[in-house]
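Every heavy atom of this structure was used, including side-chain atoms; hydrogens, water molecules and symmetry mates were not. Predicted model, so just to flag it, every value in this text is computed and none were measured.
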There are 2 protein chains.
Amino acid sequence: MSTHTRKPLADSLAVHDQVYEAIRQALITGRIAPGVGVSLRSLAAELGVSPMPVRDAVRRLSAERALEINPANKRLSVPSLTANRLDQLSQARLWIEPELAARAAPHADAALLKRLRELDAAVDDALKLGDVDAYMTANHAFHFALYARAGAEVLLAMAGGLWLQIGPFMRVVFGRVGADGLVADRHAEAMEALKAHDAEGARRAVAADLAEGMDKMRAAVEAGR
Amino acid sequence: MSTHTRKPLADSLAVHDQVYEAIRQALITGRIAPGVGVSLRSLAAELGVSPMPVRDAVRRLSAERALEINPANKRLSVPSLTANRLDQLSQARLWIEPELAARAAPHADAALLKRLRELDAAVDDALKLGDVDAYMTANHAFHFALYARAGAEVLLAMAGGLWLQIGPFMRVVFGRVGADGLVADRHAEAMEALKAHDAEGARRAVAADLAEGMDKMRAAVEAGR
DNA sequence: CGACGCAAACTGTGATCACAATTCACCGCG
DNA sequence: CGCGGTGAATTGTGATCACAGTTTGCGTCG
């Protein structure tokens, strides 16, 4: 008898997509530390799959700059955190994400606001409990539930790529300063602006929310070198 | 189709990288028209390689949104050109590329200016001859020779992804209006600003250069639907 | 006791095969 | 002449193997 059980068709997610998500989560939550090397076969063994779908996932992640490929020996590693990289990512986020919020404002309806209130409550819960993983998950969900309403696929995808690259930085912040690094967010301001279909207000609120977080990350990175 | 000769080891470029470049060029120059479907095996046969490196290249290109994967049947296709997509790409370029030019200005030296003059001459030659391929190649080289001096790897990579996505649009413009669509550029203004280390001047010059081209593309896309 | 060297293990890459799902074309029926 | 259905061809996906280059680690020699 084979140990390999065939996947049901109803599971529409391809293996390489599951592997992609697994590695992505491992990167964002910091389970794979920045700077260390990984290998296709070790990842494959860890996830219980063949190296093939890992290869696909890694190719995708390196195209998104969430993984680095050493051009000399072609070996994989997690990009290390530098102040310069953080600055560029911050600047890009500070342009693109307020823009998405502003574009979403005219399309904000009751359903969106309800969903955002739920997600914001989850963020607050995580803040109270000091649960970093839950905070990052809920915060991500809040921002992208909002951005998705902008109807701007290209910009939305760019924002997704930026979060993927910034993930490890967030983890470093919380790892260094502890859960105390989690502070109140500007989500309430953003939701009020959305309710009023105030594009510029939403833009400002998101910009302020981002700027706070990025400042904390910058301080953590500069302190930790 | 070329006969398949074994590659020497000194050729350090992996096959999947060559395939990536080949498909990338085919996309940018419009040899693969937007909207049509492609397949791994057909691409592999066309390039004289096995489907394996094509798979890697395609995975990379789809992560960069230069290729689309139909989520239902997983089939590949070239993204079609819509006014909405063009708007988003334009806006992103108009933020990121002037920023790169401004960052490069302080680091502009004689070597860079010499290189830029050569590339600008190549652009002018292509304009005179109406050679669209040569124009796009030289124009790309000019912009990225400049941007590379900004010392901003993350932003540079983002700009590269945007050009890859905008490539097919350029081809449509020239295909519709002919080589007459090629007009004088703002490269001279940019180079003067660089020589003076005038960051804001470089920013404005690049922004003007881009805006002109993007306006033409928008007109072509709107006229052609 | 320290440094060098060589072999074994590991790395990414590419080819080939198997397989299920989808697409396509052609044939026969009404 | 049009249309439905069925088999063949094509598709992406995943596994396995081969191979060359690199790294690693252990043994031996100076």
Just wondering, are more than 12 heavy atoms of other shown residues or ligands nearer than 6.0 Å to CZ in B:R24?
yes
So, does A:S39 get its side chain near the phosphate of C:dT11, meaning an N or O under 4.0 Å from OP1 or OP2?
yes
Just to verify, which of B:F142, B:Y147, B:F144 counts as forming a ring-ring contact (aromatic ring centres under 6.0 Å, His included) with B:W163?
B:F144
Provide, to the nearest angstrom, the distance between the [atom1] atom belonging to [X] and the [atom2] atom belonging to [N].
X: A:L40; N: C:dG14; atom1: CG; atom2: C1'; answer: 13 Å
X: A:R41; N: D:dC17; atom1: CZ; atom2: C1'; answer: 10 Å
X: A:L76; N: D:dT23; atom1: CG; atom2: C1'; answer: 15 Å

Answer with yes or no whether the side chains of A:Y20 and A:E64 bring together a donor and an acceptor at under 3.5 Å.
yes
Do B:N84 and B:D87 pair up side chain to side chain, a donor and an acceptor below 3.5 Å, judged on atom types alone?
no
Would you mind telling me which residue lines up with the more 5' stretch of DNA chain D, A:R75 or A:H16, judged by nearest nucleotide?
A:H16
With a cut-off of 3.5 Å and sequence neighbours excluded, list every side-chain donor-acceptor pair involving residues 28-40 of chain B.
{"unit_1": "B:T29", "atom_1": "OG1", "unit_2": "B:Q25", "atom_2": "O", "d": "2.8"}
{"unit_1": "B:S39", "atom_1": "OG", "unit_2": "B:S42", "atom_2": "N", "d": "3.0"}
{"unit_1": "B:S39", "atom_1": "OG", "unit_2": "B:S42", "atom_2": "OG", "d": "2.8"}

Check each residue of residues 47-73 of chain A for a non-hydrogen atom within less than 4.0 Å of any atom in DNA chain C, then write out the ones that pass by number, or none.
A:R55, A:R59
With sequence neighbours left out, which residue pairs that include part of residues 58-98 of chain B fulfil the ring-ring contact (aromatic ring centres under 6.0 Å, His included) condition?
A:W95-B:W95
